[in-house]
Asks: 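Could you have a look at this structure, given as structure tokens, before my questions?
Values in this document were obtained by computation on a predicted structure and should not be read as measured data.
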Amino acid sequence: MLTMKQHTLKPWQVTLSVITMISLCLATYIFVVKPPFDFVLIFVITLFCLANAAVLSVSLFQLLAVTPRIRHLTRCVRRWSNGDLNTRNKIGEYGELSELEIELNHMFSRLQDISAKEDINQKNILSKNHLLSAILDSAAAAIYGIDENGRCIFANPQCVKLLGYRSEEQLIACNMRSLVHQNPDDELAIASSIIDQQEKRDIHLKEDHFWRADGSSFPVEYWSHPMTFNNDKMGAVISFHDNSERLEAEALIRHQAHYDALTDLPNRFLALRRLEQLVESTERSGKMLAVIFLDLDDFKKINDSLGHEAGDQLLITAADRLMKATRKEDTVGRLGGDEFIILLDGLSCADDAQPLAENLIGGFRKPFYIGNRQLILTASIGIAIYPNDGVTPSELLRNADSAMYHTKSIGRNTYSYFTHAMNKEVSRRLAIEEQIHGALERGELQVHYQIQLDIRDGSIMGAEALLRWDNPVLGCVSPAEFIPIAEQTGVIEPMGEFILHRALEAAQTWQKTFDDNFRIAINLSPRQFRNPNLVKLITDSVSQLDMRPEDLELEITEGVLLSGHAYTLDALMALSKAGFCISMDDFGTGYSSLSYLRTYPFQILKIDRSFIKDMNSDDTSKELIIATIEMAHALGIRVIAEGVETQEQFDELSFMMCDYAQGFLISKPVVFDDLLEIGKHYKKSAKIEFKPKIERVEEKPEDKPVKTYG
């Protein structure tokens, strides 16, 4: 439909039209009527014509000069109003129109600047909005917003994903309380508290479970933030993340902190904590509690011979047997290595623990199958009873440990109840361990010497160097007590070097004083053979004193040979090749001594004192001694009889063709000065037939010959 544009006449256009009409009418009247002219009429007509000419002039000026410029200004203003702020007025010098033009140009320049700034601000806002949207979409945390009624007004993609929905539209306008909480009433209280906390920000409320679209739940950790605008409450923003991995990691860490990684049994920490709890509950109930300490016998040999993988598999199997042998309510834990602990509560008397102990021992009598091997492994058990043997967890554990060590000392593969005598034994052992470190530096160790006599001619052929320890706290400590501890703690190595140097110095002095054919004997411990420099240490020590290798006799016990390590055989072969005399000590007490005589380069064999003691009253012992001497001589090995205490024994050994004798009949172990005095005595009596006679003294435990190493 076409529309006609309506034009409104302006006042000056109306005025010009009226004047023009009047002028036309007046001209027509004069031309038609031709009235007579008088002065007044001529004056009026003249004035009218002048006025008409002025009006026409003004009208023409308006029409030709002003109107186009006004129209130009109008068009410019119209363009500005349409957003084209780059248009400018150019109408030249025309008075007030020029001033109007200048003002309009200034105004629209300012409008242009303002518009440019607004455009920049608008672009920044849009950019920030896009950036904020990208951040929220990329956020690792799930975020959703709710209004005061709990309806969802925003949800980022992570929120949609964790809650199991396909798009944000499925959540918008939904009641989030009923979607993510199993009990919406709980969330209602939470949401109310969130909105009320206007001044508190970033408050961690709690951990909870949210529910997915498929009906499954998952643990979350969420934070809530009140949302306000101009101090008006608008709702809240909730950010959350799936807490499953963290909880699983924490559970794994807790399990690893409380359970043994290999056997999955409670470790020392958890076992001791359960022991504390059982002590408290047993104290209230008035019942008894048994603490069973179990240690696998000779487990180290399994690791050394078959490797740690086989040892680990053996521990796993042993732990499984322990679990099957105990009740469900009992605690079985691994304290470390091959040590286990079993806690039994609710006992009426101490004897109630005996059936389980016997069951545990019986369970280890069955073979263990590791790979293609069948192994027999035994266990030693110690039992401490609450409250008889202790009222604190540490005391009970310590006493059960003492009972276990007692079991090992009496033969292993059995169990022992704790007694206070065991406690004294353990306390003594701990005191020895404490004092033995530094004993050498404090000058508490001495070397004593016991003479070895040649039975055939009565001459002194040598002496054995024996280590003695006199401690200001413990008194005189028997070698039977401190030597095994020194071996375990490694102190035996510096002790071995000490006795080696002292023995060589004593032999050198003896040879210079009496006879060059004097040999000193020292014991080598199993620990010393682990030192790769052992052979060099011995050879250098002999060379420094300008002595011969045959002046030193090295006594080896079966304990040195049991491991069968190649370095032991290599060291003995090297020492024998260098000219040192190698002797086997305590012959007859081991189960495989004959095979050692064939394998190792022994030159001397020492018959254990237990055979010599009974030789005059036990025909079996006598026959064994005779057989041993004949066998040794057949192999080219000389024989020393230890523990010779009577003249009758000495005469009998002489008849049996034994080579050497050592014992109290000849001399007790003495310090070096006394050894020199004995040497002088035997030197004077060498010219007559030798019949060793000394005053019989009552034996003291510390004077009895005991095997000492180092």
Side-chain angles (χ1 to χ4, degrees), residues 439-454 459-469 479 483 486 491-525 527-557 560 570-583 585 601-604 606 638 640 660 662 667 669-683 708-710:
L440 187 60
E441 291 77 5
R442 295 191 298 267
E444 297 173 2
L445 297 176
Q446 283 186 329
V447 180
H448 287 202
Y449 304 88
Q450 188 172 33
I451 285 178
Q452 295 174 339
L453 202 68
D454 191 326
S459 64
I460 296 177
M461 49 76 60
E464 181 180 4
L466 303 170
L467 198 60
R468 296 293 183 262
W469 180 23
I483 291 297
V491 181
I492 194 68
E493 293 193 42
M495 287 183 176
E497 294 185 29
F498 169 76
I499 198 171
L500 171 64
H501 294 308
R502 291 290 186 273
L504 289 174
E505 291 171 356
Q508 184 185 51
T509 303
W510 180 281
Q511 290 176 357
K512 291 179 180 179
T513 305
F514 301 111
D515 188 0
D516 288 342
N517 296 322
F518 180 86
R519 182 173 60 239
I520 192 72
I522 64 170
N523 293 273
L524 291 180
S525 74
R527 184 70 175 251
Q528 288 177 278
F529 276 90
R530 300 181 192 175
N531 184 358
N533 298 319
L534 176 64
V535 176
K536 185 176 185 301
L537 171 66
I538 295 174
T539 54
D540 289 349
S541 299
V542 172
S543 298
Q544 288 172 4
L545 294 176
D546 196 23
M547 296 182 67
R548 300 166 301 178
E550 55 265 27
D551 295 334
L552 181 63
E553 177 185 335
L554 303 174
E555 295 187 7
I556 310 299
T557 62
V560 175
D570 293 343
L572 289 176
M573 289 298 184
L575 291 170
S576 178
K577 187 176 180 180
F580 293 97
C581 180
I582 310 297
S583 68
D585 200 4
F602 293 110
Q603 300 175 26
I604 293 179
K606 300 187 74 173
R638 289 161 290 173
I640 297 178
Y660 311 116
Q662 175 182 343
S667 169
V670 295
V671 297
F672 183 65
D673 291 340
D674 292 343
L675 178 68
L676 293 178
E677 292 297 324
I678 295 174
K680 293 176 182 178
H681 168 72
Y682 277 96
K683 192 70 175 177
T708 60
Y709 302 100

Asks: So F518 and D551, do their side chains get closer than 4.5 Å, heavy atoms only?
Replies: no

Asks: Check whether the side chains of Q508 and D546 place a donor and an acceptor atom closer than 3.5 Å, and report yes or no.
Replies: no

Asks: Restricting to non-hydrogen atoms, name the atom on A503 and the atom on I522 that form the minimum distance, rounded to 0.1 Å.
Replies: CB-CG2, 3.6 Å

Asks: Any ion pair linking K606 and E464 (charged N to carboxylate O, less than 4.0 Å)?
Replies: yes

Asks: Output, in order, the C-alpha distance, side-chain angles, deciding distance and verdict of side-chain contact (heavy atoms from CB on, under 4.5 Å) for I604 and Q452.
Replies: CA-CA 13 Å; I604 293 179; Q452 295 174 339; over 6 Å; no

Asks: Which atoms form the tightest heavy-atom contact between N523 and Q528, and what is the distance?
Replies: O-OE1, 3.9 Å

Asks: If every non-hydrogen atom of R519 is compared with every non-hydrogen atom of E550, which pair is closest and at what distance?
Replies: CD-O, 3.4 Å

Asks: Can you see which heavy atom on V671 is nearest to which on Q446, and at what distance?
Replies: CG1-OE1, 4.3 Å

Asks: Please evaluate residues E497 and S541 with respect to the criterion side-chain contact (heavy atoms from CB on, under 4.5 Å), reporting the C-alpha separation (whole Å), side-chain torsions for both, the decisive distance (0.1 Å), and the verdict.
Replies: CA-CA 9 Å; E497 294 185 29; S541 299; over 6 Å; no

Asks: Identify the residue among D540, N533, T539 that makes a side chain to side chain donor-acceptor pair (under 3.5 Å) with K536.
Replies: D540

Asks: Would you check, one step at a time, whether the test side-chain contact (heavy atoms from CB on, under 4.5 Å) holds for V491 with L440?
Replies: CA-CA 9 Å; V491 181; L440 187 60; over 6 Å; no

Asks: Under 4.5 Å between any side-chain heavy atoms of R502 and L445, yes or no?
Replies: no

Asks: Please find the pair of heavy atoms, one from A465 and one from V447, that lie closest to each other, and give the distance.
Replies: CB-CG1, 3.8 Å

Asks: Which atoms form the tightest heavy-atom contact between Q450 and L466, and what is the distance?
Replies: OE1-CD1, 4.2 Å

Asks: Take the angle between the ring planes of F672 and Y449 and call it parallel below 30°, perpendicular above 60°, tilted in between.
Replies: perpendicular

